Amino acid sequence: MRRRGFVFGAGTSSYQIEGAAHEDGRLPSIWDTFCAVPGKVARAENGDVACDHYHRWSDDLDLLQALGVDAYRFSIAWPRVMDEAGRPNPRGIDFYKRLLDGLAERGLRAFVTLYHWDLPQHLEDKGGWLNRETAWRFADYADLMSRELAGRVEAWATHNEPWCAAYLGYGNGHHAPGYDQLRWGTQAMHHLLLGHGLALPALRANDPAAQAGIVANVGPAYPDSDTPADHAAVDLYDAYQNRWVLDPLLKGQYPEALWRYWKGCEPLVLPGDMEAIARPIDYLGLNFYSRAVVRASGDDSFEWVHRPDVERTTMDWEVYPQGLQDILEAFQRRYPNLPPIYITENGMSSADELRDGQVDDVQRQSYIKRHFAACSRAMVNGVDVRGYFIWSLMDNFEWAFGYERRFGIVHVDFETQKRTPKRSALAYAAFLHQRALAEAVPL
Ligand code: IFM
């Protein structure tokens with residue numbers, strides 16, 4: 001099913017939009033458990049209902065079709081499709097079959113992520129990603145889904161942002177399951193990456209025409225000053241933010257610098273693990289939002305510099321589109337085996353308000369334009385970028401921040417579940433329709 005042409009799309013993830021937390025045999029996930037712990041999620045919100053996409057998926061696919069995108073990126077909820085014994089749950093699997101049929105009927109291509117953080121709670125009860133066995137359970141899950149959905153998926157991603165799943169989930173406790181031991185963060189990362197490597201052969205065997213890859217959240221750092229110490233801080237930040245994930249995948253080793261920063265936190269790596277992790281992938285998905293400015297702090301450490309008077313989003317993330325070009329070109333220089341890239345997430349949260357039936361999210365519109373321009377510059381300079389997905393199709397459950405941080409190009413009224421395309425969605429649609437016209441009527 002490999003097709004040519006640049007892919008434009010929009011993305012979501014299961015726990016953030018589906019709701020229907022107790023329907024059709026879905027089991028609890030670590031996010032259901034985490035949300036129930038007082039103080040973990042703003043206003044004690046959770047994904048029980050979210051965007052009610054489980055029931056409204058058909059209307060949501062109509063929205064995507066009206067936008068004129070080529071592809072939809074979504075994730076499968078592992079606890080919906082397998083029971084505790086690892087047996088398939090047909091009712092859960094049917095939901096994704098209906099969704100994929102609905103996409104095909106509308107001429108939309110599917111980019112499917114297997115793990116966007118909603119680990120079944122029963123696996124967490126056995127140690128979650130700290131338990132090496134979970135990597136094999138993940139490979140079983142990948143095997144099941146790629147057998148069930150073979151032929152309908154354009155690209156599989158094993159994981160979305162293992163950095164967040166490992167570091168925020170096990171290293172600092174901001175995300176489920178809420179542990180805060182750095183050493184656990186690095187071990188969880190190792191098992192997540194191992195699970196990725198173990199899943200690849202099944203994806204390839206069961207769905208040979210689909211692409212198989214992984215998605216990483218990346219961000220460049222810039223020195224606060226031109227001193228050697230601040231440049232060294234940039235290097236260290238790069239090891240922590242980018243190379244911790246990308247070096248094992250593309251070089252088969254963890255960056256040594258990281259163990260100077262996190263002394264004594266090396267994970268237990270068994271023979272054969274790194275070979276499995278570094279198995280070739282067809283594409284690499286990159287999620288890009290912002291940059292860091294850092295300076296040296298103490299021995300072999302860095303700290304963030306919060307510059308005043310720069311453009312920011314309501315996440316307090318700096319808007320720095322040039323960083324996307326810089327990081328794409330840096331990866332191209334660094335990894336001779338860099339596979340084709342998809343920008344699998346790019347977008348921003350803003351304090352959007354519905355007024356007279358409209359949402360005038362001018363900053364998001366400009367953010368998307370400037371980032372896509374930066375991506376195009378990297379492409380002109382030789383980086384093989386194959387697609388660009390806006391995060392997110394619609395406002396949704398933004399993890400520990402709950403529903404207040406709105407990333408969607410479609411506004412969701414969480415009381416009524418009414419969807420309203422924001423100005424950014426209308427601009428994206430206008431751009432995509434112009435492109436379609438230009439392709440249909442070449443001058
Ligand atoms: O909403 C998240 C998404 O789940 C993963 N990438 C970053 C987004 C914005 O924080």
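Small disclaimer: the values here were computed from a predicted structure and weren't measured. If you read the sequence from its start, that first residue is 1, and numbering goes on from there.
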A.B. asks: Does R279 reach the main-chain N or O of H196 with its side chain, forming a donor-acceptor pair under 3.5 Å?
C.D. replies: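 No; zero donor-acceptor contacts below 3.5 Å.
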A.B. asks: If you define the side chain from C-beta out and look only at heavy atoms, does anything of V410 sit under 4.5 Å from L63?
C.D. replies: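 In contact.
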A.B. asks: Strictly by side-chain hydrogen bond (donor to acceptor under 3.5 Å, both in side chains), give each pair with a member in residues 31-41 just once, sequence neighbours left out.
C.D. replies: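 Every side-chain hydrogen bond (donor to acceptor under 3.5 Å, both in side chains) pair that includes a residue of residues 31-41, provided the two are not neighbours, is R26-D32, S29-D32, T33-Q121.
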A.B. asks: Rounded to the nearest 0.5 Å, how far apart are OG1 of T420 and CG of D413?
C.D. replies: 7.5 Å
A.B. asks: So which pairs with a foot in residues 59-90 pass ring-ring contact (aromatic ring centres under 6.0 Å, His included), sequence neighbours left out?
C.D. replies: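 Output for this query lists Y72-F74, W78-F138, W78-Y141.
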A.B. asks: Side chains of D125 and H122: donor-acceptor distance under 3.5 Å anywhere?
C.D. replies: no
A.B. asks: Side chains of E345 and N287: do they bring a donor and an acceptor to under 3.5 Å?
C.D. replies: yes
A.B. asks: Cut-off 3.5 Å, side chains only: do Q363 and S366 have a donor facing an acceptor?
C.D. replies: no
A.B. asks: Might you work through the ring pair (Phe, Tyr, Trp, His ring centres under 6.0 Å) test for Y240 and W262, ending with a clear yes or no?
C.D. replies: CA-CA 9 Å; Y240 145 90; W262 287 338; 5.8 Å; yes
A.B. asks: Using side chain to side chain donor-acceptor pair (under 3.5 Å) as the criterion, list what pairs up with D101, not counting sequence neighbours.
C.D. replies: R152
A.B. asks: Do F95 and V81 have side chains that get closer than 4.5 Å, going by heavy atoms?
C.D. replies: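 Result no, sub-4.5 Å side-chain heavy-atom pair not found.
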A.B. asks: Would you check, one step at a time, whether the test side chain to side chain contact (heavy atoms under 4.5 Å, CB included) holds for V412 with Y403?
C.D. replies: CA-CA 10 Å; V412 177; Y403 292 95; over 6 Å; no
A.B. asks: Are any non-hydrogen side-chain atoms of L284 and L246 less than 4.5 angstrom apart?
C.D. replies: yes
A.B. asks: Could you go through E133 and K126, starting from their C-alpha distance and side-chain angles, then the distance that decides it, and tell me whether this counts as salt bridge (charged side-chain N to carboxylate O under 4.0 Å, His left out)?
C.D. replies: CA-CA 9 Å; E133 272 298 304; K126 296 189 182 119; over 6 Å; no
A.B. asks: Identify the two heavy atoms, one from T344 and one from F389, that lie closest to each other, and give their separation to 0.1 Å.
C.D. replies: O-CB, 3.4 Å
A.B. asks: Minimum heavy-atom separation for A142 and L203, please, with both atom names.
C.D. replies: O-CD2, 4.0 Å
A.B. asks: Please report whether the ring centroid of Y388 lies less than 6.0 Å from that of Y342.
C.D. replies: no
A.B. asks: With D60, which residues qualify under side chain to side chain donor-acceptor pair (under 3.5 Å), at least two apart?
C.D. replies: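 Only H53, R419 meet the side chain to side chain donor-acceptor pair (under 3.5 Å) criterion with D60.
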A.B. asks: Looking at R355, I want to see if its CZ is surrounded by more than 12 non-hydrogen atoms of other residues, nucleotides or ligands under 6.0 Å.
C.D. replies: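 No, the 6.0 Å shell around CZ holds no more than 12 heavy atoms from other groups.
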A.B. asks: Considering all heavy atoms of both residues, which atom of L64 and which atom of V69 are nearest to each other, and what is their separation?
C.D. replies: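 Answer, listing the atom of L64 first, then V69: O-CG2, 3.5 Å.
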A.B. asks: State, yes or no, whether a side-chain contact exists between D207 and L149 at a heavy-atom distance under 4.5 Å.
C.D. replies: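 The answer is no; the side chains never approach within 4.5 Å.
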A.B. asks: Any side-chain heavy atom of I17 sitting closer than 4.5 Å to one from M394?
C.D. replies: yes
A.B. asks: Report yes or no: does Y96 contribute a side-chain atom to a donor-acceptor pair with the main-chain N or O of A77 at less than 3.5 Å?
C.D. replies: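 It does hold such a pair.
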A.B. asks: Start with the C-alpha gap between E154 and R109, add the side-chain angles, then the distance that decides, and say whether salt bridge (charged side-chain N to carboxylate O under 4.0 Å, His left out) holds.
C.D. replies: CA-CA 6 Å; E154 173 144 340; R109 293 138 76 173; 2.9 Å; yes
A.B. asks: Excluding sequence neighbours, so at least two apart, what forms side-chain contact (heavy atoms from CB on, under 4.5 Å) with T313?
C.D. replies: M315, W317, V319, M348, S349
A.B. asks: Only one of Y367, F6, Y428 passes ring pair (Phe, Tyr, Trp, His ring centres under 6.0 Å) with F372; say which it is.
C.D. replies: F6
A.B. asks: Going by atom types only, do R106 and S58 share a side-chain donor-acceptor pair under 3.5 Å?
C.D. replies: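 On atom types as modelled, these side chains qualify, holding a pair under 3.5 Å.
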A.B. asks: Is there a side-chain contact between M82 and P88, using heavy atoms and a 4.5 Å cut-off?
C.D. replies: no
A.B. asks: About how many Å separate CZ of R137 and OG1 of T134, when rounded to the nearest 0.5 Å?
C.D. replies: 8.0 Å
A.B. asks: Taking salt bridge (Lys or Arg N to Asp or Glu O under 4.0 Å) as the test, write out the residues that go with E329, two or more places apart.
C.D. replies: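 Scan of E329 (salt bridge (Lys or Arg N to Asp or Glu O under 4.0 Å), adjacent residues dropped) gives none.
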A.B. asks: If you compare all heavy atoms of A239 against all heavy atoms of P255, which two are closest, and at what distance to 0.1 Å?
C.D. replies: O-CG, 4.1 Å
A.B. asks: Which distance, rounded to the nearest 0.5 Å, do you find between the OG1 of T314 and the CD of E398?
C.D. replies: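 So the OG1 of T314 and the CD of E398 are separated by 9.0 Å.
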A.B. asks: Quick one: salt bridge (Lys or Arg N to Asp or Glu O under 4.0 Å) pairs with a partner in residues 357-371, sequence neighbours left out?
C.D. replies: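 Checked against salt bridge (Lys or Arg N to Asp or Glu O under 4.0 Å) - neighbours excluded - the pairs reaching residues 357-371 are E311-R370, D352-R364, D360-R423, D361-R364.
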A.B. asks: Please name all residues satisfying side chain to side chain donor-acceptor pair (under 3.5 Å) with N242, sequence neighbours left out, ordered by chain then number.
C.D. replies: D238
A.B. asks: Taking the basic N atoms (NZ, or NE/NH1/NH2) and the acidic carboxylate oxygens, is any pair closer than 4.0 Å for E18 and R80?
C.D. replies: yes
A.B. asks: S75 and S14: side-chain donor and acceptor closer than 3.5 Å?
C.D. replies: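 The answer is yes; a qualifying pair exists.
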A.B. asks: When you compare the side chains of D326 and Q322, does any donor N or O come within less than 3.5 Å of an acceptor on the partner?
C.D. replies: yes
A.B. asks: List for me each residue that meets salt bridge (Lys or Arg N to Asp or Glu O under 4.0 Å) alongside R435, sequence neighbours excluded, and say none if there are none.
C.D. replies: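 Counting only residues at least two positions away or on another chain, R435 forms a salt bridge (Lys or Arg N to Asp or Glu O under 4.0 Å) with D70.
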A.B. asks: Roughly how far apart are D94 CG and L99 CG, rounded to 0.5 Å?
C.D. replies: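 Those atoms lie 12.0 Å apart.
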A.B. asks: Determine the minimum heavy-atom distance between A276 and L194, stating which atoms define it.
C.D. replies: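 That closest heavy-atom pairing would be CB-CD1, 4.3 Å.
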A.B. asks: Where does the angle between the aromatic ring planes of W391 and H116 fall among parallel (under 30°), tilted (30 to 60°) and perpendicular (over 60°)?
C.D. replies: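 Correct class here is parallel.
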A.B. asks: Report yes or no: do E353 and H411 form a side-chain donor-acceptor pair below 3.5 Å?
C.D. replies: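 Distance-only check fails for E353 and H411.
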A.B. asks: How about Y283 and W156: does a side-chain donor come under 3.5 Å of a side-chain acceptor?
C.D. replies: no
A.B. asks: Without placing hydrogens or testing angles, list every side-chain donor-acceptor pair under 3.5 Å for residues 175-185, not counting sequence neighbours.
C.D. replies:
from, atom 1, to, atom 2, distance (Å)
R183, NE, E266, O, 3.4
R183, NH1, Q187, OE1, 3.1
R183, NH2, Q187, OE1, 3.3

A.B. asks: Does D143 have any side-chain contact (heavy atoms from CB on, under 4.5 Å) partners at least two apart in sequence or in another chain, and if so, which?
C.D. replies: R147, A202, N206
A.B. asks: Less than 4.5 Å apart, side chain to side chain, heavy atoms only: is that true for W117 and C164?
C.D. replies: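 Side chain of W117 against side chain of C164, heavy atoms only: contact under 4.5 Å found.
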A.B. asks: Please name the pair of heavy atoms, one in I368 and one in S424, separated by the smallest distance, quoted to 0.1 Å.
C.D. replies: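 Residues I368 and S424, closest heavy atoms: CD1-CB, 4.5 Å.
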A.B. asks: Between R291 and E318, does at least one N-O distance fall below 4.0 Å, as a salt bridge requires?
C.D. replies: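 Yes, charged N to carboxylate O under 4.0 Å.
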A.B. asks: Please confirm whether W244 and H190 have ring centers closer than 6.0 angstrom.
C.D. replies: no
A.B. asks: Can you sort out the partners of Y15 under side chain to side chain donor-acceptor pair (under 3.5 Å), two or more places apart, ordered by chain and number?
C.D. replies: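 Testing Y15 for side chain to side chain donor-acceptor pair (under 3.5 Å), a comparison that skips the adjacent residues, returns none.
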A.B. asks: Is the shortest heavy-atom distance from the side chain of D282 to the side chain of R204 under 4.5 Å?
C.D. replies: yes
A.B. asks: Give the ring-plane orientation class for F397 versus W399, where under 30° counts as parallel, over 60° as perpendicular and anything between as tilted.
C.D. replies: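 It falls in the perpendicular class, over 60°.
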A.B. asks: Check the pair V41, N46 against side chain to side chain contact (heavy atoms under 4.5 Å, CB included), reporting the backbone distance first and the verdict last.
C.D. replies: CA-CA 8 Å; V41 174; N46 61 45; over 6 Å; no
